[in-house]
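Structure first, then comments.
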Amino acid sequence: MSFQDEMKQMFLRVAAGEVEPEEWAKWWDVNGLRLEEFLNRGDRMRMMPALWSASYYWMAKTQSGVAYYFHAQGRPVKTSGYYEEKAREEERRQRQKAMEKYHMNTASARQQWEAYLQDHPTDTISFDWKSLLGTPSGQKPAKDFPYKEARTTEQWKECGEELKLRLKENLQAKIAPLAKAYGMKKAGPKTFVREKNGLVSRIQFIGYFRGGGYEAMNCYLCPIYAIQYGILGLPGHICQGENFQRMQKDWGAIQYGMEAVDAAMVERINRKFDDILIYLADGMLPEWQRIDSLETYFAKERRDYLKVTETGPQNPRTNRPMWNLDTGGKEDPWRADDYLFGVWNLLTGKETEGYARLEKCVRHNSVYMKERLEEFPKACNDPRDAMAVMYYNARLFLGTKETPDAEKRRDRIQETYEEVCRFMRYYHGLAKKTERD
């Protein structure tokens with residue numbers, strides 16, 4: 001058999017998924033010089049890319065290069081899905097191993113946080129959320145559409161209305177019962193809020209600005225006096241981990257209303273809400289439930305744990321962190337953390353640190369806010385303008401510094417806190433509209 005025939009036989013075996021990565025690497029090394037005679041540079045690079053290593057992920061790339069080679073010769077071949085399936089299994093094992101190492105590296109901080117929680121126990125929510133997965137109870141049958149893509153204004157309207165119906169069905173059947181189980185109440189058709197011991201938790205589905213479905217889901221837990229930016233969040237493996245990434249994938253199924261919402265699309269919508277439900281019920285809400293006071297929210301053990309979980313383990317495919325919430329020492333552009341911690345310092349008697357933080361926040365935003373308030377004098381009363389609201393609140397707290405008597409100053413700080421919280425309940429959707437001068 002000539003080498004050319006041997007080469008094509010090997011390529012056909014690769015297409016059929018019959019060659020293991022190590023066998024392919026050995027055969028390529030042995031026949032490297034002869035392969036240069038029969039393959040052009042493009043074919044060689046497609047079959048054996050520069051970064052190739054003996055794994056099923058790279059064998060899938062090799063198989064793709066082999067398929068291209070036969071297609072270019074006018075002899076298309078059918079390829080096996082063996083390498084792709086093995087590559088997925090391989091990646092799952094590697095990701096699991098990387099996550100095990102991540103949890104081992106963060107174990108010390110986690111144990112300190114868990115020890116703190118044992119000394120500050122909270123109520124545990126028992127709710128069978130898995131029973132909500134799948135097709136929503138009472139879901140209406142899917143419509144038949146004579147088209148796939150909406151082209152006319154009437155078709156866009158029809159698709160949009162059908163999409164909103166399917167979103168409403170899933171929201172009411174899956175998210176609303178879960179939110180209720182965790183003590184959250186509705187603050188609108190697609191918003192759920194809860195207030196407890198000076199903390200507010202909120203889940204909001206944000207409408208797509210061009211009409212249609214949901215552009216995103218906004219979730220946060222913070223003190224009532226605070227805004228939702230620059231705040232202490234969740235551990236990285238919860239807020240950016242596997243459940244989060246699965247939820248984000250194919251989000252367009254519940255975002256756009258520009259194609260027929262037929263049976264296949266309805267099933268995609270149902271599956272996407274399953275992903276959202278899993279993200280909320282199997283990570284975010286239970287973690288929030290463990291934080292039931294301002295003291296726990298600001299606990300050093302919690303902050304230390306969040307710090308070590310900011311950067312995830314390496315992705316086995318890209319060799320980059322699976323997530324990276326570390327700002328690299330950069331301060332948030334609004335100085336929202338200075339406001340957040342500054343007020344907490346005042347409430348806990350650390351006035352020197354608190355006023356210094358608040359001064360930094362007000363000074364940083366003063367030029368922008370002067371122009372903003374000249375154009376929109378009521379911006380500080382508008383929940384849509386978080387920066388103006390925060391700036392106004394920071395100035396109110398900073399103003400208490402002018403009271404010289406220490407006892408009266410503490411009283412004024414507490415009065416200011418209560419005044420700010422009254423407005424912020426409206427801001428977070430916990431109360432009806434509240435105005436202030």
Side-chain angles (χ1 to χ4, degrees), residues 95-127 129 178 181-184 194-203 219-226 228-245 247 278-314 321-329 331-332 336-345 347-350 353 357:
R95 289 178 70 94
Q96 183 178 0
K97 186 176 180 180
M99 287 302 301
E100 288 172 356
K101 184 177 180 181
Y102 160 83
H103 286 301
M104 183 178 65
N105 292 339
T106 59
S108 176
R110 184 181 69 252
Q111 288 165 3
Q112 293 180 45
W113 169 230
E114 295 290 346
Y116 175 93
L117 290 172
Q118 286 183 0
D119 294 333
H120 301 78
T122 60
D123 296 333
T124 302
I125 302 297
S126 179
F127 181 68
W129 58 268
L178 176 68
Y182 278 89
M184 304 182 81
R194 173 189 177 182
E195 176 185 352
K196 185 178 181 182
N197 299 333
L199 294 168
V200 59
S201 51
R202 181 180 171 105
I203 300 172
C219 306
Y220 62 85
L221 170 74
C222 69
I224 292 175
Y225 68 78
Q228 66 270 32
Y229 299 106
I231 60 171
L232 295 172
L234 293 163
H237 58 274
I238 293 178
C239 67
Q240 293 286 317
E242 210 168 298
N243 287 343
F244 172 80
Q245 292 167 19
M247 179 186 71
I278 292 170
Y279 171 72
L280 296 175
D282 198 32
M284 194 189 81
L285 287 173
E287 188 70 15
W288 280 1
Q289 182 65 17
R290 306 198 307 171
I291 307 163
D292 71 341
S293 68
L294 290 173
E295 288 76 14
T296 299
Y297 184 88
F298 286 102
K300 182 180 182 300
E301 291 83 353
R302 177 171 180 260
R303 284 184 283 151
D304 290 344
Y305 181 45
L306 292 174
K307 184 65 180 176
V308 300
T309 65
E310 284 181 338
T311 304
Q314 279 194 333
M322 293 183 190
W323 66 84
N324 192 357
L325 304 172
D326 187 2
T327 60
E331 295 183 281
D332 68 279
D337 282 340
D338 284 319
Y339 168 66
L340 174 72
F341 284 96
V343 174
W344 178 243
N345 288 151
L347 295 176
T348 54
K350 300 177 182 178
E353 298 94 322
R357 281 185 173 276

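Note that this is a predicted model, so its numbers are computed, not measured.
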statement: Closest heavy-atom pair, Gly236 versus Tyr102, reported as atoms and distance to 0.1 Å, is N-OH, 4.3 Å
Rounded distance [0.5 Å steps], CD in Gln112 versus NZ in Lys300: 7.0 Å
field: Interatomic distance, Glu301 atom CD to Thr296 atom OG1 [nearest 0.5 angstrom]
entry: 9.5 Å
query: Centres of the Tyr229 and Tyr220 rings: under 6.0 Å?
result: no
message: Between Tyr297 and Asn197, does the side chain to side chain contact (heavy atoms under 4.5 Å, CB included) criterion hold? Intermediate values first, please.
response: CA-CA 11 Å; Tyr297 184 88; Asn197 299 333; over 6 Å; no
field: 4.5 Å side-chain heavy-atom contact, Asp332 and Thr327
entry: no
task: Verify the neighbour count for atom CD of Glu242: are there more than 12 heavy atoms of other residues, nucleotides or ligands below 6.0 Å?
output: no
query: Under a 4.5 Å cut-off applied to non-hydrogen side-chain atoms, are Trp288 and Cys219 in contact?
result: yes
- prompt: Would a 4.5 Å heavy-atom cut-off, applied to side chains only, mark Leu294 and Leu199 as touching?
  reply: yes
query: How about Cys239 and Tyr279: do any of their side-chain heavy atoms sit closer than 4.5 Å?
result: yes
- prompt: Checking side chain to side chain contact (heavy atoms under 4.5 Å, CB included) for the pair Val343/Arg357: CA distance, chi angles, key distance, verdict?
  reply: CA-CA 9 Å; Val343 174; Arg357 281 185 173 276; over 6 Å; no
message: Run the side chain to side chain contact (heavy atoms under 4.5 Å, CB included) test on Lys350 and Trp344 for me, step by step, so that the C-alpha distance in whole Å, both residues' side-chain angles and the decisive distance to 0.1 Å come before the verdict.
response: CA-CA 8 Å; Lys350 300 177 182 178; Trp344 178 243; over 6 Å; no
message: Testing the basics here: between Met322 and Gln314, what is the closest heavy-atom pair and its distance to 0.1 Å?
response: CE-O, 3.7 Å
- prompt: So, the side chain of Gln289 versus the backbone of Asp123: is there a donor-acceptor pair under 3.5 Å, distance only?
  reply: yes
- prompt: Are side-chain heavy atoms of Met247 and Ile278 found at a separation under 4.5 Å?
  reply: no
Any donor-acceptor N/O pair, Tyr339 side chain to Tyr225 backbone, under 3.5 Å: yes
query: Roughly how far, to the nearest 0.5 Å, is the CE atom of Met284 from the CD1 atom of Ile203?
result: 4.0 Å
task: For the pair Gln245 (side chain) and Gln240 (backbone), establish whether a donor and an acceptor sit closer than 3.5 Å, ignoring hydrogens and angles.
output: yes
task: Working to the nearest 0.5 Å, report the span between NZ of Lys196 and CD1 of Ile224.
output: 13.0 Å
task: Indicate yes or no: does Glu295 engage Arg302 in a salt bridge with an N to O separation below 4.0 Å.
output: no
message: Looking at every non-hydrogen atom in both residues, tell me the closest pair between Ile231 and Leu221 and how far apart they are.
response: CD1-O, 3.3 Å
field: From CZ (Arg110) to OG1 (Thr309), nearest 0.5 Å
entry: 10.5 Å
statement: Closest heavy-atom pair, Pro313 versus Ala98, reported as atoms and distance to 0.1 Å, is CB-O, 3.5 Å
message: Can you give me the closest heavy-atom contact between Leu306 and Pro235, atom names plus distance?
response: CD2-N, 3.4 Å
query: Are side-chain heavy atoms of Arg290 and Glu114 found at a separation under 4.5 Å?
result: yes
message: Measuring from atom CG of Leu117 to atom CG of Asp292, what distance do you get when rounded to the nearest 0.5 angstrom?
response: 9.5 Å
message: Does any part of the side chain of Trp113, heavy atoms only, come nearer than 4.5 Å to the side chain of Asp304, both counted from C-beta?
response: no
task: Determine whether Phe244 and Ile238 make a side-chain contact, defined as any pair of heavy atoms from C-beta on separated by less than 4.5 Å.
output: no
statement: For Gly312 and Pro321 the tightest heavy-atom approach is O-CB, 3.8 Å
